[in-house]
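This report refers to the structure that appears directly beneath it.
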Amino acid sequence: MLKDETIRDWLSLRLKRSLDILCQKEGVRLSNYSIRIDYPPNFSLGQYASPLAMQLSRFFDKKPQELAHGLVQTLRDDDELMPYVEKIELAPPAFINFTLKSNIASAIFPHHSNGLEEYLKRLMRPRGKIIVEFVSANPTGPLNIVSARAAAFGDSLCRILAVAGYQVYREYYVNDYGNQVYWLGISLAYRYAEALGLGLPLPENAYQGEYLKDIVKKISAELKLPEFPKEEKAFFEWACEHAMAFALPAMQYIVANQRQDLKDFRVEFDNFFYESSLHPQAVNETFQFLKANGQVYEKDGAWFLLSSEKGDDKDRVVIRSDGRPTYFLADIAYHRKKIERGFDKILNLWGPDHHGYIARMRSALSALGFLQDNPERFSVLIVQQVNLIEGGKTVVMSKRLGKFQTMRDLLNRIPVDVCRYFFVMRGASNHLDFDLELATTQSERNPVYYIQYAHARIHSIFRQAGLNFDEFPIDFRGKESYLEGHFRKELLFYVLRLAEEIQDIARNYELQSLAVWLYETAHYFSQFYSLKQENNVLGLYREKPQEGEALLSLIKLVALALEKGLFLLGISAPRAMHREDEIP
RNA sequence: GCGCCAGUAGCUCAGCUGGAUAGAGCAACAGCCUUCUAAGCUGUGGGUCAGAAGUUCGAAUCUUCUCUGGCGCGCCA
């Protein structure tokens with residue numbers, strides 16, 4: 001039924017029916033095909049189009065045009081379809097183009113509807129439980145710009161997955177175990193001594209960052225440590241001995257700070273999962289499990305996973321020859337936990353330096369039996385690096401030079417709304433150039449404000465009409481004819497695509513298309529709005545109430561869709577905006 | 001050496017389960033405020049889709065090769 005499907009899916013079903021009828025009539029059996037409904041290049045060709053006849057003509061032993069003609073004839077006998085169709089046309093080479101009537105809006109919003117939310121709920125399908133792991137930065141310092149991008153991308157994706165019907169679980173994996181923790185502790189010990197007057201050079205492997213000084217200040221009051229030796233070699237031994245005493249409270253402090261930065265970025269997690277909680281028990285159990293299933297073998301005193309049999313380049317070490325488990329084994333144990341926790345899908349967002357790790361992890365999940373029936377249950381998105389651009393040049397990220405380095409630095413300068421939009425306007429796997437000038441000084445040309453502005457304008461119209469936006473009913477019944485012409489119909493149908501955007505993104509994770517949809521929707525509205533005579537909503541509402549109400553319903557729908565789209569990207573939708581006065 | 005990602009307008013990028021004349025923003029130029037916010041709208045110019053070959057009704061999209069750029073290839077995490 002039309003009201004329970006997106007328009008695209010509904011058309012696809014109608015086309016399927018016609019195809020079935022035709023197949024039966026002609027005794028044709030089809031195999032391996034899908035019914036595709038696309039958008040034509042522009043609205044003058046209709047709102048939807050299908051290349052089906054060109055794909056299937058070979059099965060019918062006909063020219064594509066003939067098949068298309070047959071399909072169109074059958075479609076025209078479809079009583080469920082035709083009430084909403086203005087015309088179905090053939091276009092060369094053999095496209096079937098659908099031009100729908102505006103009365104479709106009354107079918108979708110049947111009665112004094114509270115609008116879009118209700119429609120999107122009707123379209124929701126149960127899609128199972130998904131765990132999305134993202135950001136997962138090391139607990140050794142503040143979050144950087146790539147983490148910010150991962151946070152924006154991951155959180156927005158989660159919001160969309162949830163609207164599409166997934167039960168979404170957001171998780172942050174904290175690597176609070178192993179060498180790097182040890183070295184964090186040693187580094188802090190040196191900074192601690194430095195604060196008390198002992199200026200020794202930092203060891204080569206130590207973290208050099210200045211921020212460690214601040215952390216030492218925060219945690220040193222709680223530390224109860226013996227006197228440290230002043231001599232270099234003895235001090236190093238002392239630092240090693242007490243490394244964990246420094247590292248543990250420091251990590252607590254660092255993670256708390258990361259969490260706060262993320263919260264200020266409107267990103268919150270359901271869980272922070274600590275790697276240390278896997279040691280030793282879960283790690284050992286996982287190793288025993290792999291061993292019992294013949295997935296590992298011993299060589300040169302170490303244990304290897306048979307990952308090369310599952311698509312990896314080579315076998316990977318899981319237990320070193322000295323008996324210690326590798327990071328990889330802990331990660332396998334972590335993913336085994338995810339499986340045990342009952343998730344249908346596992347999605348990870350990783351940094352740019354991890355793509356070599358994907359095949360390895362996939363082979364591990366395969367060894368755990370997670371991918372047997374469906375390889376798509378596990379996927380990894382790589383969030384690529386971010387270049388900050390200022391004055392047409394790449395900003396070198398160097399704290400020493402007082403330049404941008406952390407997520408906090410970015411947030412201090414650029415509004416959250418702008419950051420979040422900029423971070424998702426490109427595909428995750430592409431390098432992103434973040435233009436600081438476009439984000440700040442040229443704010444009037446900023447796409448985020450352009451979208452928000454269109455939204456605010458609609459609310460302004462309601463205010464001036466003396467109407468309560470939230471209570472105004474979306475109701476096109478009997479007024480559908482007013483949706484013809486003057487960019488009205490284009491606006492309507494473009495807005496309705498939001499539901500299809502959500503569907504697509506839940507499948508392909510291509511978030512940038514929502515950013516484009518938002519911009520285009522604002523643009524369609526601006527075009528509508530700039531026809532100041534034909535689409536003067538206020539004037540029409542006073543003089544021709546029927547038409548005025550139709551347009552108010554339309555623009556309320558636009559505002560709700562913009563608000564929803566912005567929400568899905570974690571961006572606010574202000575109801576009023578005012579430009580600061582420019583110099584005359 | 002092997003692998004992954006990319007190369008589209010002056011700049012930044014969309015478009016990629018093959019489809020209709022390859023789109024947008026920025027930059028440039030020219031118009032539009034007596035009318036719901038000009039943070040706006042309209043128009044103009046700008047392209048051998050890195051190159052070559054192939055697959056077919058049809059290729060920016062798929063395959064192969066070449067060139068260029070970024071990143072990965074630890075018994076680190």
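Quick note: numbers below take in every heavy atom, side chains included, and nothing from hydrogens, waters or symmetry partners. So you know, we letter chains A, B, ... as the sequences are listed, proteins then strands, and number each from 1.
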inquiry  = For a 4.5 angstrom cut-off between non-hydrogen side-chain atoms, does A:Ser50 reach A:Asp38?
reply    = no
Checklist entry - Using the rule for Phe, Tyr, His and the six-membered ring of Trp, do A:Tyr519 and B:A24 stack at under 5.5 Å and under 30°? => result no
Rounded to whole Å, CD of A:Gln533 lies from P of B:C41 at a distance of 18 Å
When we call it a touch if two heavy atoms are under 4.0 Å apart, what does A:Asp313 touch: a base, just sugar-phosphate, or nothing?
nothing
For a quick test of reading the model: is some side-chain N or O of A:Lys532 closer than 4.0 Å to OP1 or OP2 of B:A38?
yes
Separation of the P atoms in B:A27 and B:C71, to the nearest angstrom = 31 Å
Going through the checks in order, is the salt bridge (charged side-chain N to carboxylate O under 4.0 Å, His left out) test met by A:Arg426 and A:Glu510? CA-CA 9 Å; A:Arg426 306 282 175 248; A:Glu510 303 280 342; over 6 Å; no
Does B:A77 have its OP1 or OP2 closer than 4.0 Å to a side-chain nitrogen or oxygen of A:Arg320? yes
Check: Hey, does the side chain of A:Gln527 come within less than 4.0 Å of B:U42's phosphate (OP1/OP2), counting only N and O?
Finding: yes
Donor-acceptor pair (no angle test) under 3.5 Å: A:His355 side chain, B:C5 base
no
#### Entry: Between B:G74 and B:U64 - C1' atom distance, rounded Å
33 Å
(Q) Please classify the nucleic acid contact of A:Tyr177 as base, sugar-phosphate, or nothing, using heavy-atom distances under 4.0 Å. (A) sugar-phosphate
Using a 4.0 Å heavy-atom cut-off, does A:Gln512 contact any base of the nucleic acid, only the sugar-phosphate backbone, or nothing at all? sugar-phosphate
- Query: Should we say atom NZ of A:Lys310 is surrounded by more than 12 heavy atoms from elsewhere, each under 6.0 Å from it?
  - Reply: yes
P atoms of B:A50 and B:A6, separation to the nearest Å
12 Å
Result for 5'-nearest mapping on RNA chain B, choosing between A:Arg463 and A:Pro41, is A:Pro41
Can you tell me whether the side chain of A:Ser321 and the base of B:C75 have a donor-acceptor pair closer than 3.5 Å?
yes
What class does the angle between the rings of A:Phe422 and A:Phe434 fall in, given that below 30° is parallel, 30 to 60° is tilted and above 60° is perpendicular? tilted
Short side-chain N/O contact from A:Arg316 to OP1 or OP2 of B:G74, under 4.0 Å = no
Classified by glycosidic angle (syn within 90° of 0, else anti), B:C29 comes out anti
Would you measure the distance from the P atom in B:G54 across to the matching atom in B:U17 and give it in whole Å?
24 Å
### Task
Please state the P separation for the pair B:A20 and B:G70 - nearest whole angstrom.
34 Å
Note, RNA chain B 5' to 3' with Watson-Crick or G-U pairs under 3.5 Å encoded as ( ), [ ], | and . gives (((((((..((((.....[...)))).(((((.......))))).....(((((..]....))))))))))))....
_Aromatic A:Phe378 / basic A:Lys345 pairing, under 6.0 angstrom, 45° off normal_ = no
Does A:Arg497 qualify as a cation-pi partner of A:Tyr39, given the criterion of NZ or CZ under 6.0 Å from the six-membered ring centre and within 45 degrees of its axis? yes
Exercise. Answer yes or no: does a side-chain N or O of A:Tyr39 lie under 4.0 Å from OP1 or OP2 of B:G19?
Key: no
Classify the side chain of A:Asp331 and the base of B:A77 as holding, or not holding, a donor-acceptor pair under 3.5 Å. no
Discussion item. Categorize A:Asn536 for me: base, sugar-phosphate, or nothing, with a 4.0 angstrom heavy-atom threshold over every strand shown.
Written reply: base
As a quick check of understanding, evaluate side chain to side chain contact (heavy atoms under 4.5 Å, CB included) for A:Leu554 and A:Leu483, giving each step before the final call.
CA-CA 8 Å; A:Leu554 176 62; A:Leu483 295 174; 4.2 Å; yes
| task | Return no unless some side-chain N or O of A:Arg360 is found under 4.0 Å from OP1 or OP2 of B:C73. | result | no
Assign each of A:Ala91 and A:Asn430 the nucleotide of RNA chain B bearing its closest heavy atom; nearer the 5' end lies the nucleotide of A:Asn430
From the list A:Phe134, A:Tyr334, A:Phe272, A:Trp350, ring-ring contact (aromatic ring centres under 6.0 Å, His included) with A:Tyr173 holds only for A:Tyr334
